[in-house]
Amino acid sequence: MYMGYLDSLNSKQREAATCVDGPLLILAGAGSGKTRVLIHRIAYMIDEYNVSPWNILAITFTNKAAGEMRERVDKMIGQGADSIWVATFHATCVRILRRHIDLLGYDTGFSIYDTDDQKTVMKGVLNRLDIDPKVMREKTVLNAISSAKDELIDPEEFAENSKGNWKYEQIARAYEEYQKTLKRSNALDFDDIIVLTIELFKKHPEVLDNYRERFRYIMVDEYQDTNTAQFELISLLAGKYRNLCVVGDDDQSIYKFRGANISNILDFEKVYPEAKVIKLEQNYRSTQNILDAANNVIKNNSARKDKALWTDQGKGSLVHLRQFDNAYEEADFIAGDIRSVCRKGEYDYRQCAVLYRTNAQSRILEEAFVRDGVTYDIVGGVNFYARKEIKDMLAYLKTVDNAVDDVAVKRIINIPRRGIGATTINKISDYAADNDISFYDALCRCEEIPGVQKAVKKLDSFVNMIRVFRSKLEVYGIKGLIDDIIETTGYVEELRLSDEDDSVDRIENIDELVTKIVNYEENTEENSLSGFLEEVALVADIDGVDSDANKVLLMTLHAAKGLEFDRVYIAGCEDGVFPSSMAIFDEDPTAVEEERRLAYVGITRAKKELTLTYAKQRMLRGETQYNAVSRFVKEIPVELMDNRPPKARTENFFSDDYIEKREESTPTTGRKKISFLDLDSRPGSKAPIATKIDYVVGDRVKHMKFGEGVVTKIEDAPKDKKVTVIFDELGQKVMYAGFARLTKV
DNA sequence: CGTACTAGTCTTTTT
DNA sequence: GACTAGTACG
């Protein structure tokens with residue numbers, strides 16, 4: 001048979017696209033055309049292998065990736081393509097749970113809680129358990145719980161593992177109570193979505209079997225980012241037919257903090273011994289110089305599958321390296337450079353992107369782009385759906401949809417002001433807890449509750465309002481409902497009358513939400529309020545990016561994964577920024593390796609021109625820092641760059657010339673003056689902090705992150721002191737005094 | 001019960 | 001430096 005459409009693939013790609021049965025690992029380097037392979041593979045399965053589209057499941061991490069794959073599959077296959085299941089992990093699981101979660105004792109109308117909601121729940125939990133939030137912060141507890149869930153550790157097992165460690169025992173109590181609270185509110189957090197699907201499959205084999213039959217052919221994209229729970233989920237689904245194709249690049253694994261387990265990809269062949277492995281190393285995106293830069297950086301990592309990208313596209317330009325005195329000049333340069341090449345007509349704004357390590361870096365860049373009149377879009381930062389006014393509106397919708405969602409009801413009961421205060425709310429909460437009913441149900445019976453008599457009238461009218469909203473929804477749909485909410489509550493009216501300077505923005509945001517609702521109702525077949533809320537809960541920042549608009553994109557390196565641009569700028573290439581100081585001072589050396597993978601991701605986004613910039617002085621968290629050029633820049637051979645990085649940091653940073661320039665170049669605000677003494681004693685670090693050590697061997701000291709411990713050794717190191725501390729909880733660590741900022745206790 | 005001020009945290013990345 | 005949550009006061 002002749003399969004013309006496979007002609008456009010290279011031999012490795014073709015091999016991958018035509019390997020249909022059994023486990024398959026495709027190690028796809030950056031820009032090696034893996035999405036092409038996946039699309040062709042699906043077409044091949046259907047056309048030549050008679051696989052029913054109905055039996056194919058393709059899983060991605062973001063809605064954007066899912067949408068792109070959907071579009072390309074539709075184009076290539078046409079008829080029947082819509083019965084292929086293409087969705088993110090979370091969307092897939094939510095769809096399954098909406099059908100079967102009643103088997104686990106939840107209602108199928110469950111809510112999904114975001115980080116903000118989780119915090120609210122945890123605050124209540126700690127309060128009830130008499131755990132002082134100053135001793136143990138909500139975030140700490142939630143992080144521990146999230147990691148546990150990623151590893152499929154339930155509250156019981158967590159408690160078992162925590163015995164003897166007071167801190168973990170407290171977290172174990174909180175974990176148990178937190179789960180109970182969520183269940184009472186008929187709510188799931190992000191991790192629950194995966195964990196409960198696994199629980200469902202394990203407790204109800206007939207349900208699992210149903211989906212195993214349905215999904216006979218499974219594909220997982222960005223496999224290097226899967227965590228233990230996601231791995232388990234996939235293993236369960238693929239357990240019967242073993243037609244599992246995973247695509248990924250261990251060098252692009254950058255989500256360890258979110259539980260991603262790189263051994264899922266590194267050990268794939270151990271778990272599936274019969275697996276076929278295909279490496280895609282030919283790159284169709286970048287010039288050879290850019291690839292060489294990427295290869296030379298990533299080769300410094302230890303645990304990785306050996307591979308090297310190559311292209312037949314020629315060397316291209318050198319990598320551009322630029323040094324600046326501070327972040328303002330860096331931003332001016334980037335905006336100005338983009339403006340000038342685009343004015344010459346060499347590039348469009350849409351072909352340029354600026355990448356950075358932390359969202360906080362975006363503000364200064366943004367200001368420069370505004371000044372230069374360069375249109376831009378920022379990806380990420382404060383999520384649209386996390387804004388106060390949007391969360392308020394959503395809380396109304398959630399209350400109408402799922403009244404047992406306590407977080408939502410409590411959020412809006414007094415917004416806008418209805419004169420229902422904390423005391424009343426607490427009494428109702430207590431009553432609800434005592435009688436094991438939801439907060440809303442308690443509201444409905446408020447006349448029985450002692451001590452809230454004065455508020456009964458107000459509470460009744462609130463409950464009535466929700467009831468009216470509910471009937472409104474049935475007759476007029478979601479758009480009708482939101483209009484009524486805005487009208488009845490006077491929320492927007494209040495903003496209009498307010499003299500806050502951001503009230504106009506807030507109103508615009510609410511308008512945008514209404515537009516999103518209209519779009520949803522028009523474009524979704526079986527649209528429902530819970531469907532809308534679910535879609536909203538599962539969006540990622542990157543999902544909203546419009547790559548057709550002629551704008552420069554500004555985003556974090558993480559958000560850039562999977563994208564490509566002709567011109568890429570990576571700003572803030574400094575040790576302490578990128579790699580982050582957190583990673584540098586982590587006792588685990590693989591922390592820097594993860595940052596290096598991030599550098600690899602960033603470099604390989606560039607098709608033609610790559611510019612790396614760094615600043616000698618940068619304001620971070622309200623402190624002026626002096627950082628050396630990033631170690632990753634130094635890992636790029638100088639012959640690949642149009643500038644060489646300074647040989648030693650001292651050469652740049654402590655010359656008279658430099659000090660003078662710095663003083664002149666920062667007239668903008670009252671930034672701190674720094675004396676020579678400070679600089680001299682604390683190279684490349686937070687400058688204006690006394691370097692005197694006020695502790696000696698044997699003293700107890702406190703570290704911001706590691707907690708308390710005893711100093712066992714202090715030794716001289718170049719320009720600093722090396723301190724060894726045995727921490728109560730984490731054991732022995734060696735650190736530089738200047739950075740560790742230990743305080744005597 | 002609502003407002004105004006203060007203290008503390010954060011900045012690594014997010015489905 | 002910016003934002004948020006918590007507290008004191010009217």
Side-chain angles (χ1 to χ4, degrees), chain A residues 59-66 87-94 112-116 118-120 123 133-134 137-140 143 146 149-150 188-194 222 225-227 229-230 253-260 327 355-364 379-383 385-386 388 414-425 454-455 458 534 536-543 555-561 572 576-586 591-592 594-595 597-598 601-602 618-625 669-672 704-705:
Chain A
I59 293 188
T60 61
F61 270 85
T62 65
N63 296 298
K64 186 166 188 278
T88 64
F89 267 105
H90 292 265
T92 300
C93 290
V94 168
I112 298 167
Y113 278 180
D114 66 14
T115 341
D116 228 50
Q118 288 179 282
K119 253 184 161 170
T120 312
K123 212 174 287 168
K134 274 173 195 134
R137 269 175 294 140
E138 293 106 43
K139 234 185 99 176
T140 317
N143 279 338
S146 177
K149 288 182 178 177
D150 286 345
L188 274 57
D189 66 21
F190 284 128
D191 303 311
D192 285 338
I193 293 172
I194 312 286
E222 306 282 14
D225 289 332
T226 51
N227 62 33
Q230 287 158 340
S253 167
I254 54 172
Y255 283 108
K256 189 174 175 200
F257 69 94
R258 215 167 64 189
L355 312 182
Y356 36 79
R357 181 63 180 83
T358 66
N359 277 310
Q361 289 166 257
S362 68
R363 213 196 76 241
I364 294 174
V379 181
V382 182
N383 187 318
Y385 294 103
K388 185 181 170 295
N414 199 32
I415 288 182
R417 308 263 108 91
R418 297 187 176 90
I420 303 171
T423 7
T424 310
I425 292 173
K454 269 191 291 181
K458 297 170 193 163
E534 171 184 316
V536 159
L538 298 178
V539 291
D541 291 328
I542 197 71
D543 294 339
M555 69 188 107
T556 63
L557 288 144
H558 281 87
K561 191 165 62 129
V577 176
F578 183 35
S580 73
S581 52
M582 294 273 245
I584 294 173
F585 292 106
D586 200 314
V592 170
E594 171 116 343
E595 301 269 320
R597 289 192 288 271
L598 200 50
V601 168
R618 185 181 298 274
M619 185 80 108
L620 264 173
R621 269 182 270 162
E623 274 177 317
T624 306
Q625 288 195 201
T669 51
R671 260 170 257 152
K672 288 172 193 158
M704 293 197 304
K705 192 174 144 204

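Residue numbers begin at 1 in each chain, while the letters A, B, ... track the order of the sequences. This one's a predicted model, so the numbers in the text were calculated from it and none came from an experiment.
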Comparing nearest nucleotides in DNA chain B, the 5'-proximal residue of the pair A/Ser580, A/Lys134 is A/Lys134

Considering every strand and a 4.0 Å limit on heavy-atom distances, what is the contact class for A/Asn414: base, sugar-phosphate, or nothing? sugar-phosphate

Round to a whole Å and report the spacing from NZ of A/Lys149 to C1' of B/dT15. 14 Å

Between B/dC1, B/dG2, C/dA2, which one does the side chain of A/Arg363 approach most closely? C/dA2

Send over the distance from A/Ile425 CD1 to B/dG2 P, rounded to a whole Å. 9 Å

Whole-Å distance between B/dG2 P and A/Ile415 CD1? 11 Å

Rounded to the nearest angstrom, tell me the gap between atom NZ in A/Lys458 and atom C1' in B/dC1. 8 Å

Out of B/dT13, B/dG2, C/dG1, minimum distance to the side chain of A/Thr556 belongs to B/dT13

Given A/Cys93, which partner from the list A/Thr88, A/Ile193, A/Asp192 fulfils the side chain to side chain contact (heavy atoms under 4.5 Å, CB included) test? A/Ile193

Those residues that, when tested against A/Arg137, pass side-chain hydrogen bond (donor to acceptor under 3.5 Å, both in side chains) (two or more places apart): none

Paired with A/Gln118, the side chain to side chain contact (heavy atoms under 4.5 Å, CB included) test is passed by just one of A/Thr120, A/Asp114, A/Thr115, namely A/Thr115

Pair A/Thr358, A/Gln361: side-chain N/O donor-acceptor within cut-off below 3.5 Å: yes

If I pick the C1' atom on B/dT11 and the same atom on C/dG6, what distance separates them, to the nearest angstrom? 22 Å

Just the rounded figure in Å: distance from P of B/dT13 to CG of A/Asp225. 16 Å

Quickly work out the A/Lys256 NZ to B/dT14 C1' distance and round it to whole Å. 17 Å

Between A/His558 and A/Tyr255, is the ring centre distance below 6.0 Å? yes

Could A/Arg258 and A/Asp150 be called an ion pair, given the rule that one side-chain N must be under 4.0 Å from one carboxylate O? no

Would you indicate, yes or no, if B/dT15 has its OP1 or OP2 atom less than 4.0 angstrom from a side-chain nitrogen or oxygen of A/Asn227? no

Protein-nucleotides 3-7 of chain B N/O pairs under 3.5 Å:
unit_1: B/dT3; atom_1: OP2; unit_2: A/Arg417; atom_2: NH1; d: 2.7

Does the ring of A/Phe257 meet both stacking tests against the six-membered base ring of B/dT13: centre distance under 5.5 Å and plane angle under 30°? yes

Any salt bridge linking A/Asp189 with A/Lys149? Criterion: basic side-chain nitrogen under 4.0 Å from a carboxylate oxygen. yes

Closest of C/dA2, B/dT13, B/dT11 to the A/Asn359 side chain is B/dT13

Residues A/Gly576 and A/Ile584: closest non-hydrogen pair is N-CD1, 3.4 Å

How close or far is atom P of B/dT14 from atom CG of A/Asp116, stated in whole angstroms? 16 Å

Any idea which of B/dC1, B/dT11, C/dG6 is nearest the A/Thr424 side chain? B/dC1

Counting the atoms with a prime plus P, OP1 and OP2 as sugar-phosphate, which does A/Gln361 contact under 4.0 Å by heavy atoms, base, sugar-phosphate, or nothing? nothing

Any sub-3.5 Å donor-acceptor pair from A/Ser580's side-chain atoms to A/Val577's backbone N or O? no

Under 4.0 Å: is that the gap between some side-chain N or O of A/Lys139 and OP1 or OP2 of C/dA5? no

Answer yes or no: does a side-chain N or O of A/Arg137 lie under 4.0 Å from OP1 or OP2 of C/dA5? no

Side chain of A/Lys123 only, please: which of B/dT14, C/dA5, C/dA2 is the nearest? C/dA5

Strictly below 4.0 Å: does A/Thr62 bring a side-chain N or O up to OP1 or OP2 of B/dT15? no

Closest to side chain of A/Met619, choosing from B/dT15, B/dT14, C/dG1: C/dG1

Which nucleotide in the list B/dT15, B/dT9, B/dT13 gets nearest to the side chain of A/Thr358? B/dT13

Ranking B/dT13, B/dT11, B/dT15 by distance to the side chain of A/Phe190, first place goes to B/dT15

Which nucleotide in the list B/dT15, B/dT11, C/dA2 gets nearest to the side chain of A/Ala360? B/dT11

Of A/Gln118 and A/Leu620, the one whose closest nucleotide on DNA chain B sits nearer the 5' end is A/Leu620

Rounded to whole Å, please give me the gap between NE2 in A/His558 and P in B/dT15. 11 Å

